[in-house]
There are 2 protein chains.
Amino acid sequence: MFILKLMMVTLSEENYLKAIYHLGRLGSLSVSTNAIADRINAKASSVTDMIKKLAEKNLVNYVKYQGVSLTEQGRITAATVVRKHRLWEVFLVEKLNFRWDEVHDIAEQLEHVKSEKLVSKLDAYLGYPTRDPHGDPIPDKDGNIKSIEKSLLSQLRLNDSCVCVGLIDSSSDFLKYLDKNKIALGSNIQILSKESFDDSMTINVDGNIINISQQISNNLYVKIK
Amino acid sequence: MFILKLMMVTLSEENYLKAIYHLGRLGSLSVSTNAIADRINAKASSVTDMIKKLAEKNLVNYVKYQGVSLTEQGRITAATVVRKHRLWEVFLVEKLNFRWDEVHDIAEQLEHVKSEKLVSKLDAYLGYPTRDPHGDPIPDKDGNIKSIEKSLLSQLRLNDSCVCVGLIDSSSDFLKYLDKNKIALGSNIQILSKESFDDSMTINVDGNIINISQQISNNLYVKIK
DNA sequence: ATTAATATTTAGACAAAACTAAATATTTTA
DNA sequence: TAAAATATTTAGTTTTGTCTAAATATTAAT
């Protein structure tokens, strides 16, 4: 019989755990102080302070000068925050009709609301979605995600056909670029030509022929047909 | 042409403004330091500190030893928080099927999420409700509420008929008592007898005959038919 | 109208989370 | 491998929001 120690995790702590989770590919890899500082817009010294606190609470593994990784408890805590973030994003887009480039900042706030019952009811209300509006996977109650096989569009070969299933960069600017060029999750894409000089390519997206730079194809996940 | 100074109001500040708003009947009346301390579960000295800060920001009128009231700016800020609280309560009950005694604590968190667009979209999604699940009025975008004429059930006379439209106490315990006795917003109530000794009364609620104490009738708002 | 009781404010401390500047490790480069 | 560059940590402050204990004001009671 386990004793569930329910620990108070502050909003700041949650944000640090989330940063480590994302930077360290779901928390497994070790992450540098500076990388966290960059991502969170804080000074390296602040990061060190917070990491010590998180280590004290057994949420991260920390060895001076060697970087940090999440403990199992930290991983679950981070994944739960990410789960809430992505569920709220689905709510905002599906129910309140926000555009996919508008939801991030609001979800950043909503993800910190504490109520297990709220999360599970929201999940049910949304029909147990597995992906957020940007194609990112939604962790389950236990913090696990089931990943699908996908490739970067830039890796495909001439004449390959695929479906857009996700993005690396989800910045507002990139999302607006995709809207403008009628590229969306679920779009059918075929590679019509590749330019070896600058690695740009011409593609057919749901019938529209457009040319995209390597910057773009490097940020689009697709599933090959 | 007015310059809208958008001021950063912290979560704590919002909670103090809300307390003053509720204690001072929408912020008009002057409220005592101790009353605020009681409501917010803080020490009187902490309240004094915060009041000074709010006065500095022109959100409250403050004269030492004379209590505080909200300025127009403070009133609007408080009303906006209350608006968000009550809209979220409607969402939780209507869309996520929470019971009316479960929603307060979650709405306390959601009310602090900052996004005007979110509030207006939520409002529309819910069909522009004017009352929350406990019958309390929802302020409009400008912080104004339109109140309806209502009386306390305890004030009515023998054989009067009425409809339940609101509650003074919205504590979980009271809400559960009402559920148990099948009293809900919209219930039709007729006064069958009044006991002058303890001011209890026998009433017919949608066909059920029950006896309620003065404690109960003093906390139920009704509209006379 | 004094005294007693209560309410309010001031003064001084503390914890959380951030910062700057200085010190120390580590890594890179010549 | 020693010097230079970069990364990380330590030390000392700051801000926000809280607290306790002591001082002062206001209100109630004899």
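Chain identifiers are assigned alphabetically (A, B, ...) following the order of the sequence lines, protein sequences preceding nucleic acid strands; residue numbering begins at 1 within each chain.
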Residue-phosphate contact under 4.0 Å: [X] side-chain N/O, [N] OP1/OP2:
X: A:T33; N: D:dT9; result: yes
X: B:S32; N: C:dA7; result: no
X: B:Y16; N: D:dT18; result: yes
X: A:K64; N: C:dT26; result: no

Worksheet item: Is the count of non-hydrogen atoms from other residues, nucleotides or ligands lying under 6.0 Å from B:E195 atom CD greater than 12?
Response: yes
Worksheet item: Considering residues, nucleotides and ligands other than A:K223, do more than 12 of their heavy atoms fall under 6.0 Å from its NZ?
Response: no
Distance in angstrom units between [X] [atom1] and [N] [atom2], rounded:
X: A:Y65; N: C:dT26; atom1: OH; atom2: C1'; value: 9 Å
X: A:M8; N: C:dA16; atom1: CE; atom2: P; value: 13 Å
X: A:L11; N: C:dA15; atom1: CG; atom2: P; value: 21 Å
X: A:D38; N: D:dA7; atom1: CG; atom2: P; value: 9 Å
X: B:E13; N: D:dT15; atom1: CD; atom2: P; value: 15 Å

Discussion item. As a test of reading the structure: which of D:dA7, C:dT8, D:dT9 is closest to the side chain of A:N34, going by heavy atoms?
Written reply: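 That would be D:dA7.
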Practice prompt. From the options D:dA7, D:dC19, D:dT10, select the nucleotide whose nearest atom is closest to the side chain of B:A42.
Written response: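 Nucleotide nearest to B:A42's side chain: D:dC19.
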Item to complete: Quick one: list whatever passes side chain to side chain contact (heavy atoms under 4.5 Å, CB included) with A:N61, sequence neighbours left out.
Response: A:S69, A:T71
Fill in: Salt bridge flag under 4.0 Å for residues A:E111 and A:R83
no
Item to complete: Using a strict cut-off of less than 4.0 Å between a Lys/Arg side-chain nitrogen and an Asp/Glu carboxylate oxygen, indicate whether A:D140 and A:K146 qualify as a salt bridge.
Response: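 Not counted as a salt bridge, because no side-chain N and carboxylate O are separated by less than 4.0 Å.
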Worksheet item: Can you find a side-chain donor-acceptor pair between B:H112 and B:N15 that sits under 3.5 Å?
Response: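 Short answer, yes.
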Discussion item. At a heavy-atom distance below 4.0 Å, what parts of residues 43-52 of chain B sit against DNA chain C?
Written reply: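 The answer is B:A44, B:S45, B:T48, B:K52.
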Worksheet item: Does A:K121 count as lying over the ring of B:F98, i.e. NZ or CZ under 6.0 Å from the six-ring centre, within 45 degrees of the axis?
Response: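 Ring-cation test returns yes.
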